[in-house]
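Indexing begins at 1, ligand by ligand and atom by atom, following the structure's order.
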Amino acid sequence: MNRIALFFVTVIISSVAYGKTAKSTVILLSIDGFSYDYLSQYQPKNILDFATKGIKAKLIPVYPSKTFPNHLSIITGVYPAKHGIVHNKFYHPDLGQTYKLGAGKHNSSWLTAQPFWFYAQQQGVKSAIYFWPESEAKGQGSEPSYHIPYNNVDSIEMRFNQIITWLKKPTEQAPKLILSYFSSVDSAGHEYGLNSPELSAAITQIDHAFGRFINRLEKEVTQKVNVILLSDHGMVQLNQQRKINLNTVFNKKIQESIDNKRIVVAKSSTQLYLYFDHTKLTKQQQSNFTNELKITQKQNTKWYEVYRKGNYPKHWHLNKTNVLVIPDIIINAKPTASFTYGNYAHNGKATHGYDALQHSGLMSIFLAAGPDIVKGRAVIPFENIHIVPFMSQLLGITPPENIDGKVDVLNSVLRY
Ligand code: AMP
Ligand code: ZN
Ligand code: ZN
């Protein structure tokens, strides 16, 4: 076959596999910390109306159910072990540096997988971002066409207005993939708890803004648009009686090793990630420490569990021994307990970060509607790594290779 014929065959095959080309625009909106339970508890009218136009499913967060690991899995289609952001805060033993949320802005090598907008741009799909965790990290040449970096000032309305403005640009300049992120529901959930008027107000606020946005899309925007509204994880009310002080977790010997940096601990209220200095601790010492932590746990409380790298629960997808940012030991708090240390205590009423399979309140939402999405089909709960292949199909582009997400999972909701 000559080169030109081969080209046409390739184009035909890819259009069959990935649907029609020049498809509709995709808008992906993330409401941080919006639990699936809020849909029935708070009955947000516009969000529920939107769901009746398309599909609604429980979205399963990846481990740990924190903002950065989950937003990166949503946008790379891979588990945290592959995209590198294994927690909101973790350590790199070779660099001797600690990652904290947003650190990719200063050093993009924290990210070990490319976000979806990179592939979209490469295939000629313009993208626009009004906030997305780690969107500030520099890619490798395929930056989004439009990008507003994270700040905590811009209002919800500003974000929706900007999206409408982007959509109204002349066809060749208008982005086809638009992402945005909203943190107010997560913040209200943490601070005031699950049954608070403040959380209710935050949900009403985003619901009203979303309702106005959908109205404007229908009235003012000419192109066909598929909208995905999702969250990264839910929220769990903390039991104030289940605070675990670190001085009950670490015995004297282990605390000494932490003090002299033979063990580094990346702490959060729901996990302790322990990294051994393999140049200073023998294999025997490491295994002794692991056993001591387990013995202390047994004598202590049932509100946390101790795991060694290589033996992490399978569904955490963290048993890659060659990935250095994955800790040697994970001390995992069970819902509704939390770790406290030094002057630090989670002084909020609710949190997330736990293994999402241990508490139903941690399930997140996935709603989608638009011209390419079927209406009313039941969708069983699925993990957020499958969203990248779904968006690839909606946009008619080739999904990234070697990702964990599978095209089949959401294939049945596409309207052909
Ligand atoms: P979490 O502790 O998992 O609830 O993280 C949520 C917090 O992440 C939000 O309240 C924001 O302060 C922060 N955040 C979200 N997006 C970004 C971003 N792009 N850059 C820096 N921080 C962010
Ligand atoms: Zn979050
Ligand atoms: Zn949060």
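For ligand 1, the atoms lying closer than 4.0 Å to a non-hydrogen atom of D32 are 6 (C). For ligand 1 and N88, the ligand atoms under 4.0 Å from any heavy atom of the residue are 1 (P), 2 (O), 3 (O), 5 (O). Of all atoms in ligand 1, numbered sequentially from 1 with element shown, those under 4.0 Å from a heavy atom of F68 are 8 (O), 14 (N), 17 (C), 18 (C), 22 (N), 23 (C). Remark: ligand 1 atoms within the under-4.0 Å shell around heavy atoms of E136 are 19 (N).
Ordered by chain and number, D186 OD1, D186 OD2, H190 NE2, H352 NE2 make up the set of protein N, O or S atoms under 2.8 Å of the Zn ion (ligand 3).
E292 meets the side chain to side chain donor-acceptor pair (under 3.5 Å) test with N251, K253; sequence neighbours excluded.
More than 12 heavy-atom neighbours from other residues, nucleotides or ligands sit within 6.0 angstrom of CD on E172.
For residues 260-278, the salt bridge (charged side-chain N to carboxylate O under 4.0 Å, His left out) pairs, not counting sequence neighbours, are D277-K280. Residue pairs meeting the ring-ring contact (aromatic ring centres under 6.0 Å, His included) criterion with at least one member in residues 225-258, sequence neighbours excluded: H233-H352.
Looking at H190 against ligand 1, only its side chain comes within 4.0 Å, counting heavy atoms. Contacts between F131 and ligand 1 below 4.0 angstrom, taking non-hydrogen atoms only, are absent altogether.
The Zn ion (ligand 2) lies closest to atom OD2 when only the N/O/S atoms of D232 are considered.
Side chain of E305 to backbone of K334: no donor-acceptor contact under 3.5 angstrom is found.
The shortest N/O to N/O separation between D186 and ligand 1 falls below 3.5 Å. Taking distance alone, with nitrogen or oxygen atoms compared against 3.5 Å, S183 stays at or beyond that limit from ligand 1.
Residues S145 and Q121 form a side-chain contact, since some pair of their non-hydrogen atoms from C-beta on lies under 4.5 Å apart. Within the 4.5 Å cutoff, the side chain of Y273 has heavy atoms near those of the P64 side chain. Within the 4.5 Å cutoff, side-chain heavy atoms of V227 are placed close to those of F50.
Put simply, OG1 on T290 and CG on L274 are 9.0 Å apart, with the number rounded to the nearest 0.5 Å.
Using a cut-off of 4.0 Å between Lys/Arg side-chain N and Asp/Glu carboxylate O, K53 and D49 are scored as not salt-bridged. At a threshold of 4.0 Å, the pair K349-E198 does not count as salt-bridged, since none of the basic side-chain nitrogens sits closer than that to a carboxylate oxygen.
Pairing each heavy atom of Y63 with each of P80, the nearest pair is O-CG, 3.7 Å.
Distances from ligand 1 to the non-hydrogen atoms of H352 include at least one value under 4.0 Å.
When the heavy atoms of W132, Y150, Y181 are ranked by distance to atom 12 (O) of ligand 1, first place goes to Y150.
In terms of protein heavy-atom proximity, atom 13 (C) of ligand 1 is nearest to L101 CD1, 4.0 Å. Nearest to atom 5 (O) of ligand 1 among the protein's heavy atoms is T67 OG1, 3.0 Å.
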